[in-house]
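Start at 1 and go down the list; that is how both ligands and their atoms are numbered. Nothing fancy with the numbering, it's 1 onward along the sequence.
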Amino acid sequence: MTSSYLIKGVSVLGGDRTDLLIRDGVVADGGGTADETIDADGLVALPGLVDLHTHLREPGREDAETVETGSRAAALGGYTAVFAMANTSPVADTAGVVEQVWRLGREAGLVDVLPIGAVTVGLAGRQLAELGAMATSAAGVRIFSDDGHCVADPRLMRRALEYVKAFDGIIAQHAEEPRLTEGAQMHEGEVSTRLGLTGWPAVAEEAIIARDVLLAEHVGSRLHVCHVSTAGSVEVLRHAKARGVRVTAEVTPHHLLLTDELAASYDPVFKVNPPLRTASDVTALREALVEGVIDIVATDHAPHAVEDKECEWAYARPGMVGLETALPVVLSVLGEQWELIAERMSRAPARIAGLAGHGTDLSAGTPANLTLVDPSARRVVDPAGLASRSRNTPYAGTTLPGRIVATFLRGEPTVLDGKAVK
Ligand SMILES: [Zn+2]
């Protein structure tokens with residue numbers, strides 16, 4: 001039974017207070033009555049956030065996350081759609097696996113779960129996966145990525161770009177030249193030298209991005225660069241965009257806030273791939289995000305089971321959970337620039353992915369995919385309080401601004417009063 005909701009006194013994207021009526025799954029015209037009224041005094045409405053880079057771990061590592069627990073974490077973070085990375089077990093490299101993930105997302109019903117297909121069979125980087133079969137499957141895959149691994153072979157990368165061009169698909173690259181990062185434990189620089197840890201040099205990322213924007217230009221196909229982490233990568237992207245290359249790029253919340261100095265604690269919660277970089281990289285990434293050289297924020301939500309994370313630095317798996325803290329981190333970095341936040345976290349990712357019904361302007365008739373944020377609230381991050389099945393947040397004990405009060409997916413609340421509805 002569908003209910004209608006009157007969201008009273010809300011500020012849409014920081015504008016004047018107004019009432020939003022939600023009925024039959026869409027934003028309705030004008031005022032009127034509703035089954036339920038939500039007092040939204042002091043709250044800001046944003047289009048539901050869209051994450052182009054989430055690891056949901058199912059199938060295969062349900063001890064770390066499931067489609068359902070990850071969907072709940074996403075809804076609590078203000079998301080209405082997430083794209084699930086392909087590095088599951090089995091790998092999402094066939095129509096069967098992407099359809100399984102898609103179906104699990106529909107069953108959970110908390111966010112739209114859109115599977116990303118692998119570029120190569122088993123993420124092994126040797127032969128192309130069944131890109132066409134995944135594209136025409138029920139999951140309708142448009143984005144392909146070997147994330148976790150780089151498609152390092154330039155011939156294979158070229159063929160992948162050529163293949164997806166036919167249906168306006170996208171190759172999302174984890175840019176890491178593997179020969180330059182063998183044994184790497186953290187960013188290569190002053191801190192890695194001091195700590196005696198093998199470094200992951202910035203050039204390993206920048207060299208692959210430079211190669212791939214040239215390949216994308218040559219083929220005339222679409223490239224998306226995952227988790228850009230260095231100032232040099234920003235310069236390569238700026239150059240490519242000026243030339244008209246069809247490239248888009250993302251940055252993670254953690255690369256906008258944290259630096260490689262945190263590795264000095266040897267706490268593996270700060271181990272991530274690509275690694276945390278220097279303060280000057282962070283500054284360049286922030287500027288690029290504001291300017292638009294970097295198009296979007298994507299979480300790279302990477303849940304890990306305790307035994308894979310609470311161990312020695314060298315043995316810990318890289319990655320951080322991020323869905324439930326993404327908007328607060330971005331708010332702390334950008335301040336209350338709601339238009340910019342809506343663009344970088346909702347509209348642009350929806351546009352890049354060709355995802356209809358998300359990232360809209362909340363005008364009458366648009367699908368009611370939205371989130372309500374209390375910007376005046378402060379929250380101390382408690383890992384035990386996260387809905388994600390994993391606890392590997394780098395923000396434990398940190399106070400962050402902004403609380404997600406409610407999230408609606410096609411007019412139905414998935415979060416109310418800051419709590420998941422189911
Ligand atoms: Zn990656």
message: At less than 2.8 Å, would any N/O/S atom of D147, backbone or side chain, sit next to the Zn ion (ligand 1)?
response: yes

- prompt: Is a salt bridge present between D168 and R246, judged by a nitrogen-to-oxygen distance below 4.0 Å?
  reply: yes

query: Once the angle between the rings of F167 and F144 is folded into 0 to 90°, is it parallel (under 30°), tilted (30 to 60°) or perpendicular (over 60°)?
result: perpendicular

- prompt: What N/O/S atom of H174 gets nearest to the Zn ion (ligand 1)?
  reply: ND1

- prompt: Has C226 got an N/O/S atom less than 2.8 Å from the Zn ion (ligand 1)?
  reply: no

- request: Find out whether L257 and S332 are in side-chain contact, i.e. whether some heavy atom of one side chain is under 4.5 Å from a heavy atom of the other.
  value: yes

- prompt: Taking all non-hydrogen atoms of both residues, which atom of C150 and which atom of E176 are closest, and how far apart?
  reply: CB-O, 3.1 Å

